[in-house]
Amino acid sequence: MPRLLTPGLLTNRRLTLCLALLAAPALAQEPNLSADPHGTAGSAAQLVLAQRAYDHALRAGEVLPLLSAIRLARGVTLRPATGWEKTAPDAAPETPTAPARHDPASIAALDIARNLAGEDPDLQDLVYDLDAQLDRGRTQTAVEARSDLAPGQTDQWTLPLFGEVASELALIGDGGAALALMVVDEAGTLVCAHPASREPVLCRLTPARNGFFVVSVHNPGATAASYRLIGN
């Protein structure tokens, strides 16, 4: 026999529905972050580490740290980022993309290593082995987008991330200008931020659900800058 909907039962059900509807907007505004927001270090983190080691080696003029940085950078296979949409400012940058020598995976980086090795046969052998990639193993992969940024301008990248999948976003500038990084979820909630710096920076997050995130790269300085935005 079907259960009769008494006035009291109807009132309770309506109250439950109203509470659910009132709670829905609040739930939608919750940050899109998993309860376990950080995963293990991945390919983007490796490239940040490589860039920091590379910049230090160049400042110190030390060949062994330089070779380590090159090896780390060459351990990641980069592919063009797909599905990333950029909203660029109207002002065009005044300088070209960062020179290749700033990339530890570049041929120019190996040329610097050869010069630092000088006439030392052991160091020359290390550079040769790295150049020939005799010890190449399985590499990690990452996706990359490059851009130039005029003084005072901001690029915004909209990109999709999967729920409960650890993600990394790295910003590597050309070293000449300080750049700031900010990441917000689809509701505009801040999930990661780094103040302007000439050093490479990394955001690590794990979304709670599939969604779009907006990554802002800002150049507060007086000179144009170029950068690489890298995801795992």
Side-chain angles (χ1 to χ4, degrees), residues 40-81 93-149 151 168-181 194-204 217 219-232:
T40 58
S43 54
Q46 180 169 324
L47 290 176
V48 167
L49 178 61
Q51 191 68 51
R52 289 174 178 169
Y54 182 72
D55 293 343
H56 169 77
L58 289 184
R59 289 192 297 266
E62 298 175 352
V63 64
L64 290 179
L66 181 62
L67 292 175
S68 296
I70 294 172
R71 192 181 307 278
L72 280 172
R74 289 191 164 201
V76 177
T77 300
L78 285 171
R79 298 190 177 96
E94 300 174 357
T95 58
T97 302
R101 70 181 301 275
H102 191 64
D103 183 357
S106 66
I107 295 176
L110 276 173
D111 290 337
I112 296 173
R114 289 191 189 94
N115 292 333
L116 290 178
E119 300 300 323
D120 188 316
D122 293 331
L123 293 178
Q124 289 177 351
D125 286 344
L126 289 175
V127 176
Y128 173 79
D129 290 345
L130 188 56
D131 187 19
Q133 296 183 336
L134 299 178
D135 57 346
R136 175 194 284 181
R138 295 182 61 185
T139 62
Q140 299 190 66
T141 60
V143 295
E144 175 194 54
R146 299 189 179 218
S147 183
D148 299 320
L149 200 56
E168 295 179 336
L169 294 168
L171 172 64
I172 300 177
D174 58 14
L179 298 175
L181 177 68
H194 288 280
S197 172
R198 289 182 173 84
E199 299 294 324
V201 296
L202 178 71
C203 284
R204 294 171 60 192
V217 181
N219 177 11
T223 60
S226 58
Y227 66 87
R228 295 188 292 154
L229 190 63
I230 298 168
N232 65 336

Inter-residue atom distance [X].[atom1] - [Y].[atom2], 0.5 Å rounding:
| X | Y | atom1 | atom2 | value |
| --- | --- | --- | --- | --- |
| Asn232 | Thr141 | CG | OG1 | 8.5 Å |
| Leu47 | Gln140 | CG | CD | 8.5 Å |
| Ser43 | Leu72 | OG | CG | 12.5 Å |

Would you call [X] and [Y] a side-chain contact if the rule is heavy atoms closer than 4.5 Å?
| X | Y | answer |
| --- | --- | --- |
| Tyr227 | Asp174 | no |
| Arg198 | Asp55 | no |
| Leu126 | Val63 | no |
| Ile230 | Ile172 | yes |
| Cys203 | His194 | yes |
| Arg79 | Glu144 | no |
| Gln51 | His102 | yes |
| Leu202 | Leu169 | no |

Answer yes or no: does atom CZ of Arg59 have more than 12 heavy-atom neighbours from other residues, nucleotides or ligands under 6.0 Å? yes

For Asp111 and Asn115, indicate whether the former's side chain and the latter's backbone hold a donor-acceptor pair under 3.5 Å. no

Please evaluate residues Asp103 and Arg146 with respect to the criterion salt bridge (charged side-chain N to carboxylate O under 4.0 Å, His left out), reporting the C-alpha separation (whole Å), side-chain torsions for both, the decisive distance (0.1 Å), and the verdict. CA-CA 12 Å; Asp103 183 357; Arg146 299 189 179 218; 3.7 Å; yes

For the pair Arg114 and Asp131, find out whether any cationic side-chain nitrogen is under 4.0 Å from an anionic carboxylate oxygen. yes

Lys/Arg-Asp/Glu bridge criterion (N-O < 4.0 Å) met for Asp129, Arg71: no

At their closest point, which heavy atom of Glu119 faces which heavy atom of Gln124, and how far apart are they? CA-NE2, 3.5 Å

What verdict does the side-chain contact (heavy atoms from CB on, under 4.5 Å) test give for Leu66 and Ile112, after you've listed the backbone C-alpha separation in whole Å, the side-chain angles of each residue and the deciding distance to 0.1 Å? CA-CA 9 Å; Leu66 181 62; Ile112 296 173; 3.9 Å; yes

